[in-house]
A.B. asks: 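Sharing a structure with you now.
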Amino acid sequence: MLLFIFSTTWAQQQYRREVKPTKNVIVMIPDGTSIGVVSAARWYQIYNNLGGNNLAIDPYLCGTVKTFSSNAPIGDSAPTTSAYMTGMPQQTGNVAIYPVADPANDLIPVDPAMAYQPLATILEAAKYQQNKATGLVVTVEFPHATPADCSAHYYARGKYPYIASQMAYQNLDVMFGGGNSIITDDIKQYFKNTGTTLIQDDANTFRNFKGKEKVWALFCDREHPYDLDRDDTQIPSLAEMTEKALDRLSQNENGFFLMVEGSKVDWSAHGNDAVGCITEYLAFDRAVAKVMDFAKKNGETTVIVLPDHGNSGFTIGRRDLKSYDKATKDQLFKNVSQYKKTGEGLERILLKTDPSQFKSVFKEYTNIDLTEEELNLLLSSKNYKHESDYMKVSNSVNMASSIINIMNAHTYFGFTTGGHTGEEVFLAAYHPNGDLPIGMNTNTEINQYLFDAMGLKTSLAEMTSEIFAKHSDVFKGLEYSIDKSTDFPVLKVKKGKNVLTIPAFKSVAYLNGKAITLNSVTVYIDKNDTFYIPRSLASQL
Ligand SMILES: [Zn+2]
């Protein structure tokens with residue numbers, strides 16, 4: 001059934017290019033990046049002499065990607081990268097899991113019988129089939145949608161405890177990003193047991209790390225600050241983390257799979273923060289430069305760079321720019337170039353600022369002279385609690401949103417929405433033999449390209465049926481029960497005197513109390529009261 005479903009998705013009926021397999025595959029995702037942001041970032045780089053007329057992606061741009069959910073043309077981060085990773089478009093919230101059928105709206109064939117089936121990812125295939133090293137580098141908390149899509153399975157992206165545990169038990173060689181508050185005692189103990197180094201909020205130790213063991217380095221309780229607001233002595237850039245990941249992963253003689261996410265272009269776009277969008281994209285682009293340097297020197301590495309979806313309808317030019325064809329580069333890019341913080345970064349400063357200093361501080365960071373009206377707007381922000389005579393009746397918005405509105409009023413960037421958008425996204429790629437995914441690719445064709453570039457032999461559908469089999473099939477005829485008294489359910493199976501215990505969201509089972517290491521994670525879905533586990537576990541009893 002599984003094979004049937006996968007072979008009838010429209011992607012695989014189309015022309016399939018020849019792609020020579022390479023030892024390493026790197027996927028880079030600037031989350032929620034519409035092409036307008038890339039264009040503005042390029043002009044900003046030129047205008048400010050930040051390094052040439054081109055972005056790092058420019059020589060490698062080769063096509064576009066049509067990215068969508070299983071039942072909606074505009075996707076959420078969870079299903080969109082899940083489609084790249086598994087080959088199956090999914091629904092909002094789904095992390096590498098087969099969607100529930102929505103017959104009236106489904107854009108592809110969806111088999112109702114397969115709802116909630118965890119689907120093997122490219123990262124899991126690299127590890128499981130080829131013993132490659134695996135790594136994830138992001139600037140948000142590690143169980144956030146995009147990294148989760150590569151390495152965990154659940155129908156709801158917000159269920160961090162389940163997703164974080166799977167990511168820890170996935171035995172990744174490298175995990176760099178945020179999310180210290182999400183690390184549990186169980187995860188710490190597992191890292192100790194497996195010789196995984198955990199570096200927390202310690203840039204020096206991270207920078208000096210030269211080990212060959214598995215390594216997690218996390219900065220901040222949740223997400224990293226925006227790159228423009230980042231303190232480099234405390235938190236490494238995406239480019240630095242990426243370079244470190246390449247150093248570590250390239251020591252594996254079987255090669256590696258790495259996913260790098262420019263996570264917060266999307267967040268700036270949601271907030272309609274133009275300078276945030278531009279500088280977050282540029283921080284991502286600097287990571288692309290590191291990766292392309294590595295790939296070209298290495299000669300055995302495929303790289304693809306593509307957003308997961310558009311966001312905000314960002315444009316250069318908007319309704320109040322009447323003589324758009326006479327607008328100079330100064331008119332378009334001078335003011336934004338003087339913004340030294342994002343709206344959020346400036347808010348953090350202003351929330352601690354005495355009202356009497358507001359105008360001068362605002363000027364210092366933006367070169368904007370606040371009007372009295374703007375000043376009053378800021379002072380009456382919902383989240384401004386300064387004790388003084390200036391306190392006004394709160395307005396309904398936080399200060400960052402008013403700051404962004406003021407900053408945007410001095411530019412000509414347009415936004416049509418604070419949400420995701422459904423246009424195609426750019427595609428850039430490097431392959432040592434020039435076997436590129438040119439033209440318009442669907443999200444599932446991207447999965448096929450990654451599969452081919454990796455030289456995988458067993459289809460993801462077959463692998464899915466091997467490592468994520470239903471417990472009722474694996475232990476047919478045996479006595480089993482599911483203990484749901486704890487937050488992580490446990491499957492217990494009896495045969496004669498033997499008891500096999502399988503906790504959910506980990507990669508370990510216990511035969512009569514003795515640990516058995518699994519090569520993949522276990523998943524429990526409450527909706528159908530089912531454990532998804534390696535088929536090979538049947539032979540343990
Ligand atoms: Zn996204």
Side-chain angles (χ1 to χ4, degrees), residues 27-38 41 57 64-86 88-97 99 121-123 136-152 154-160 163 177-179 222-224 226-227 238 259-273 276-277 280-281 283-285 287-288 304-314 415-428 441-444 446-447:
V27 178
M28 303 189 74
I29 299 176
D31 200 293
T33 300
S34 296
I35 195 74
V37 170
V38 178
I57 55 159
T64 61
V65 183
K66 180 180 167 191
T67 163
F68 53 93
S69 300
S70 57
N71 62 347
I74 303 177
D76 153 48
S77 289
T80 50
T81 291
S82 289
Y84 298 155
M85 289 299 133
T86 68
M88 183 65 194
Q90 302 166 27
Q91 281 181 18
T92 294
N94 291 174
V95 171
I97 211 144
T121 68
I122 290 286
L123 179 147
L136 300 170
V137 178
V138 303
T139 60
V140 283
E141 61 270 24
F142 66 90
H144 205 261
T146 303
D149 291 339
C150 302
S151 57
Y154 207 62
Y155 58 84
R157 59 182 278 186
K159 196 72 181 171
Y160 276 5
I163 291 170
R222 301 281 282 215
E223 77 277 9
H224 293 193
Y226 289 114
D227 193 68
L238 185 67
M259 192 285 293
V260 177
E261 183 193 32
S263 315
K264 290 184 68 181
V265 185
D266 182 72
W267 294 33
S268 307
H270 278 299
N272 287 1
D273 186 330
C277 289
E280 282 299 297
Y281 178 77
F284 172 80
D285 199 67
V288 173
I304 72 167
V305 190
L306 73 175
D308 52 346
H309 52 77
N311 193 340
S312 83
F314 187 107
F415 296 93
T416 56
T417 171
H420 293 181
T421 55
E423 77 280 8
E424 286 158 51
V425 293
F426 76 80
L427 175 62
N441 293 257
T442 64
N443 45 13
T444 52
I446 292 297
N447 176 262

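Heavy-atom basis, side chains included; hydrogens, waters and symmetry copies ignored. Positions are given from 1, in the same order as the sequence printed here. Just so you know, ligand 1 is whichever comes first in the structure, and atom 1 is the first atom listed for that ligand.
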A.B. asks: Taking both backbone and side chain into account, is any N, O or S atom of His309 nearer than 2.8 Å to the Zn ion (ligand 1)?
C.D. replies: yes

A.B. asks: Mind checking whether Trp267 and His144 have ring centres under 6.0 Å apart?
C.D. replies: yes

A.B. asks: Supply the atom-to-atom distance Thr67 OG1 to His309 NE2, rounded to the nearest 0.5 angstrom.
C.D. replies: 7.5 Å

A.B. asks: Specify whether Phe426 and Tyr281 have parallel, tilted or perpendicular ring planes, treating 30° as the upper limit for parallel and 60° as the lower limit for perpendicular.
C.D. replies: perpendicular

A.B. asks: Between the side chains of Asp76 and Arg157, is the shortest nitrogen-to-carboxylate-oxygen separation below 4.0 Å, so that they form an ion pair?
C.D. replies: yes

A.B. asks: Under 2.8 Å from the Zn ion (ligand 1), is there an N/O/S atom belonging to Asp308?
C.D. replies: yes

A.B. asks: Please state whether the separation between the Zn ion (ligand 1) and some N/O/S atom of Asp76 is under 2.8 Å?
C.D. replies: no

A.B. asks: Checking one value in my table: which N/O/S atom of Asp31 lies closest to the Zn ion (ligand 1)?
C.D. replies: OD1

A.B. asks: Counting backbone and side-chain atoms alike, does Ser77 have an N/O/S atom under 2.8 Å from the Zn ion (ligand 1)?
C.D. replies: yes

A.B. asks: Any carboxylate oxygen within less than 4.0 angstrom of a Lys/Arg side-chain nitrogen, looking at Arg222 and Glu141?
C.D. replies: yes

